[in-house]
Each structure stands twice: as structure tokens, then as C-alpha cells.
Amino acid sequence: MTMNSLLFKAVEGKRLTPAEALDILKNASWTDVVEAGNTVRHRLNPGNKVGYTAFRIVNYTNVCEITCSFCSFCRPAHSSEAYVLSLDEIRQKTNEAKAKGADQIFLQGGVNKDIPLNYYVDVLKMLTRELGVKVRGFSPVELKRIAEFNNMTLDELLDILKEAGLSSVPGAGAEILSDRMRQLLSPKKLPAQVWCGTLATCHRKGLPGSANIVFGSIETPEEIIEHLDYVRKTQDIAQGFKSFVVWTFQPQTDKFPIRHVRGDEYLKLLALSRLYLDNIPHIEVSLLGMGLSLGELGLHSGADDINSIVIEENVLQNHGLTTIEAAEEFIRNAGFTPYRRSLNFD
Ligand code: SF4
């Protein structure tokens with residue numbers, strides 16, 4: 001197929017094969033891919049609306065045994081900087097977020113074996129029943145390890161957390177779903193297949209979330225397509241990804257090679273994600289990682305959502321928007337009509 005006919009195939013709603021997506025990633029002009037991505041965005045999400053949500057990330061502990069090479073946030077348990085937030089501290093952070101208009105909390109930790117199961121249950125109950133916020137929380141590796149620490153299956157753990165108030169699980173810790181890259185990034189993290197299987201279990205339990213890609217290291221184009229294909233196959237099985245976010249690695253440590261991602265490279269992958277992930281409703285542009293100028297272009301390249309207003313973010317520096325007014329103004333200035341959504345797009 002010629003490049004034009006490949007892009008036309010995707011625009012028409014026919015599914016791209018991995019080989020076709022690779023051909024587009026390697027050989028198509030970025031402007032053509034962006035145009036196709038924008039067309040598909042308007043076919044799948046007609047109208048002029050762009051979504052945002054407002055939440056606070058609460059990093060309930062910084063103790064983590066996974067020690068990803070790119071992470072500057074985690075501390076060993078014996079470190080003088082190690083912490084686990086008390087319920088009162090989480091309550092205070094949540095009330096601060098609510099005062100700024102946030103209605104969702106994103107609980108994210110390290111993997112800390114010293115935290116008892118009751119802590120998670122008590123935190124979730126407090127957040128949802130006492131404070132009335134919705135909670136997305138726990139990456140696949142956190143869930144797998146918490147289940148192991150408590151000698152239970154993932155299914156059993158999810159039942160307990162859902163009953164306590166958890167309503168969504170993030171697709172965190174995906175980075176690049178290629179086992180070669182995962183060995184380099186974080187040998188203790190879940191292999192790609194296990195990451196997908198863990199989220200499929202969450203989704204079947206009624207705990208949807210988002211998926212993402214983090215690129216801009218020494219991943220190959222083949223590994224990027226492998227990643228997209230893992231996500232698409234997982235979505236075919238369990239339909240729990242409400243959106244897909246395209247991120248780039250941010251400089252945090254010198255233990256992991258990252259490269260500068262050009263704007264056109266970012267937009268091309270954003271648009272290709274829109275073309276390839278025909279079974280995921282929304283594509284989010286990452287203002288947090290890429291900044292506002294490129295974010296605006298992303299809304300004309302396949303994205304129909306600006307990711308989120310993040311009230312607190314410890315793992316990354318915040319380059320995004322921090323108030324609801326700023327988010328709505330940004331969306332309007334980009335030529336769209338803002339609408340506020342929940343973390344689960346419901
Ligand atoms: S990125 Fe997450 S899982 Fe990896 S070391 Fe940091 S806190 Fe732990």
C-alpha cells in the first residue's frame with residue numbers, strides 16, 4: 001500500500017496492522033499523520049468539545065522497592081526522607097484539593113511492604129465515604145505486590161479495595177511495553193504481558209482507567225508499535241481503557257538515557273496513537289510533560305482531552321495547568337469548548 005492509502009485506511013475506520021503502523025511511524029510525513037489523526041479524532045468524538053478533569057495526586061508513601069532507573073522520588077525504607085502519610089495528612093491534602101475545585105484523588109505510592117492492608121482500606125473509606133471524592137489508585141505493580149504481601153490473589157485484593165471505594169486503576173508503570181526496555185528501565189517491574197493481564201483483571205472487575213506510553217529514551221520504532229499493540233489487544237479483551245495518554249520521559253536521574261523529543265515527533269506519535277487505537281475512546285495530550293504550546297497543537301492532531309489539572313505532582317515537575325479557570329481558558333483559546341469529566345470519563 002502507498003502511504004496515502006495506509007492513512008486513508010485508518011481514516012476510514014479500518015484497523016491498521018502492526019506492520020502498517022510501523023511503516024507510518026518510520027516513513028510518513030508527520031503533517032500527513034497529524035491530519036489523519038485529527039480526522040479520526042473528529043469521527044470518533046464529533047463536535048468541538050475538549051475534556052479536562054481536576055484531581056490531586058497523593059503520593060501516600062515514597063518508600064519503594066522497585067527502584068526504577070528514571071525515578072528520583074523513591075526512597076529506601078531506612079532513609080531519613082522515607083515517609084508514609086497518615087490518614088490525617090491525606091485528609092488535609094484532600095480538603096485542600098477540594099477547596100481548589102478538585103473532586104478526584106489519585107493515590108499513588110511506591111511499593112512499600114510495611115504498609116498493612118487495613119491502611120489502604122481505611123484511606124479509601126475516608127476519601128470516598130467521609131470526604132466524597134472519587135479515587136483512582138495503585139499501579140499494576142503496586143496491586144500485584146500488595147496482593148503478594150497479603151497472601152491473596154489479585155482478584156481478592158481488588159474486591160476488598162473496590163468495596164472500600166476504589167473506582168479506577170491507572171495504567172501507570174507502562175512506560176514502554178517491551179521487555180528489553182523494561183529490563184533497562186526497571187528490572188523489578190512487571191513484564192509487559194503481566195502488566196496487561198493485571199489491568200485486564202482490574203477492568204473486568206469494573207475498575208477502568210487509562211493507558212499511556214512514555215517514550216524518548218532508546219526505544220526503537222518497533223518497540224513503540226509493540227507497545228501500542230499490547231494496549232490495543234488488552235482493550236480488545238477487557239475494554240477498560242477510557243483514554244490513552246502520550247508522555248515523554250522527563251529528566252529525573254542520570255541512571256537512565258533520555259533524549260530530547262522534538263515537537264513534530266511527539267505530535268506524530270500522538271496522531272498515530274489515535275489511528276492505531278481504534279478501540280480506545282479518547283486520546284489525551286500531555287500538557288504536564290510537553291507544555292502548553294505543543295499541547296494546543298496536540299488538540300489539532302488527534303487528542304480530544306488535555307489530560308488533567310494536577311494540584312500536586314511529586315514524581316514530575318508540574319509544567320501544566322493548575323486551576324480550573326486556566327484549563328477552560330486554555331481550551332477556549334485553542335478553539336474548543338471545555339467540558340469537565342471524571343477520571344473515568346463518566
Ligand atoms: S516510578 Fe513508581 S514504581 Fe518506579 S521506583 Fe518510582 S515510585 Fe517506585
Side-chain angles (χ1 to χ4, degrees), residues 57-85 106-117 119-120 136-158 161 166 169-202 207 209-220 223-224 226-227 230-231 234 245 247-258 289 313-316:
I57 295 178
V58 174
N59 295 113
Y60 59 90
T61 181
N62 66 348
V63 174
C64 189
E65 63 179 40
I66 303 299
T67 57
C68 300
S69 60
F70 58 86
C71 181
S72 59
F73 167 71
C74 69
R75 296 287 181 276
H78 57 76
S79 164
S80 61
E81 295 172 328
Y83 73 78
V84 177
L85 295 181
F106 187 168
L107 276 182
Q108 190 172 32
V111 172
N112 183 346
K113 68 175 171 19
D114 295 326
I115 297 180
L117 183 58
Y119 172 88
Y120 300 105
R136 170 176 284 185
F138 314 118
S139 65
V141 71
E142 280 173 271
L143 291 169
K144 288 286 275 185
R145 288 287 211 278
I146 294 169
E148 285 163 19
F149 297 149
N150 290 282
N151 297 314
M152 57 177 60
T153 64
L154 179 63
D155 272 82
E156 289 166 338
L157 174 68
L158 294 175
L161 298 180
L166 185 67
V169 169
E175 284 89 43
I176 293 282
L177 294 170
S178 127
D179 286 334
R180 181 190 77 92
M181 282 301 294
R182 297 183 82 69
Q183 275 299 314
L184 186 69
L185 282 160
S186 180
K188 295 188 214 162
K189 239 176 191 170
L190 305 178
Q193 196 71 53
V194 181
W195 185 93
C196 293
T198 304
L199 280 176
T201 303
C202 296
L207 292 166
S210 60
N212 61 63
I213 186 169
V214 192
F215 78 113
S217 177
I218 55 167
E219 74 284 338
T220 63
E223 286 168 329
I224 287 177
E226 184 184 1
H227 179 105
Y230 269 122
V231 170
T234 305
V245 199
W247 299 90
T248 53
F249 286 108
Q250 303 297 308
Q252 291 189 65
T253 74
D254 56 9
K255 295 183 218 149
F256 177 69
I258 65 170
E313 167 61 275
N314 282 331
V315 177
L316 297 175

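Bear in mind that the values here come from a model prediction, so they are computed numbers and not experimental data.
- Contact between Pro140 and Ala172 at its shortest, heavy atoms only, is CD-O, 3.1 Å.
- Using a 4.5 Å heavy-atom cutoff, the side chains of Ser217 and Met181 are in contact.
- Looking only at distances, a side-chain donor or acceptor of Asn62 sits under 3.5 Å from a matching main-chain atom of Glu81.
- With sequence neighbours excluded, the residues satisfying side-chain hydrogen bond (donor to acceptor under 3.5 Å, both in side chains) with Glu175 are Lys189.
- In this structure, Leu190 and Lys144 have side chains that are in contact, with non-hydrogen atoms separated by less than 4.5 Å.
- Considering only heavy atoms from C-beta on, Trp195 comes within 4.5 Å of Leu177 through its side chain.
- Here the closest heavy-atom approach between residue Met152 and residue Leu117 is recorded as CE-CD2, 3.7 Å.
- In this structure the side chain of Leu161 reaches within 4.5 angstrom of the side chain of Phe138, judged on heavy atoms.
- Taking the side-chain hydrogen bond (donor to acceptor under 3.5 Å, both in side chains) definition, one finds that Glu226 meets it with nothing, sequence neighbours left out.
- Closest approach of Gly109 and Glu142 over heavy atoms only: N-OE2, 3.1 Å.
- Rounding to the nearest 0.5 Å places CG of Asn150 at 10.5 Å from CD of Glu156.
- Among residues two or more places apart in sequence or in another chain, the salt bridge (Lys or Arg N to Asp or Glu O under 4.0 Å) test is passed with Glu148 by none.
- Separation of atoms OG1 (Thr201) and CG (Leu157) is listed at 11.5 Å; rounding is to 0.5 Å.
- A heavy-atom distance below 4.5 Å is not found between the side chains of Tyr119 and Thr61.
- The SG atom of Cys64 sits 12.0 Å away from the NZ atom of Lys113 when rounded to the nearest 0.5 Å.
- Looking at heavy atoms from C-beta onward, Gln250 lies out of side-chain contact with Val214 at the 4.5 angstrom threshold.
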Practice problem: Check the pair Phe215, Phe249 against ring-ring contact (aromatic ring centres under 6.0 Å, His included), reporting the backbone distance first and the verdict last. | Solution: CA-CA 6 Å; Phe215 78 113; Phe249 286 108; 8.4 Å; no
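- To the nearest 0.5 Å, atoms CD1 (Ile258) and OG1 (Thr248) are separated by 8.0 Å.
- In this structure, Thr198 has no side-chain hydrogen bond (donor to acceptor under 3.5 Å, both in side chains) partners at least two apart in sequence or on a different chain.
- Distance check: Leu199 CG to Leu207 CG gives 10.0 Å after rounding to the nearest 0.5 Å.
- Looking at heavy atoms from C-beta onward, Leu143 lies in side-chain contact with Cys202 at the 4.5 angstrom threshold.
- In terms of heavy atoms, Glu223 sits closest to Ile218 at OE1-O, 4.3 Å.
- Residues Ile66 and Arg145 have side chains in contact (heavy-atom distance under 4.5 Å, counting atoms from C-beta outward).
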Exercise. Would you sort out whether Tyr60 and Tyr83 count as a ring-ring contact (aromatic ring centres under 6.0 Å, His included), showing the intermediate values?
Key: CA-CA 8 Å; Tyr60 59 90; Tyr83 73 78; 9.0 Å; no
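- Between Glu219 and Arg180, no side-chain nitrogen of the basic residue sits less than 4.0 Å from a carboxylate oxygen of the acidic one, so the salt-bridge criterion is not met.
- Of the N and O atoms on the side chains of Thr67 and Glu65, not one donor lies less than 3.5 Å from an acceptor on the other residue.
- Nearest approach of Gly171 to Asn212, heavy atoms of both residues: O-ND2, 3.2 Å.
- Residues Ser178 and Ala192 approach most closely at N-CB, 4.4 Å, considering heavy atoms.
- Rounded to the nearest 0.5 Å, atoms SG (Cys68) and CG (Leu185) are 7.5 Å apart.
- The salt bridge (Lys or Arg N to Asp or Glu O under 4.0 Å) search around Asp155 returns Lys205, not counting sequence neighbours.
- Arg182 pairs by the salt bridge (Lys or Arg N to Asp or Glu O under 4.0 Å) definition with nothing, not counting sequence neighbours.
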Exercise. List the steps, then state whether side chain to side chain contact (heavy atoms under 4.5 Å, CB included) holds for Trp247 with Ile213.
Key: CA-CA 6 Å; Trp247 299 90; Ile213 186 169; over 6 Å; no
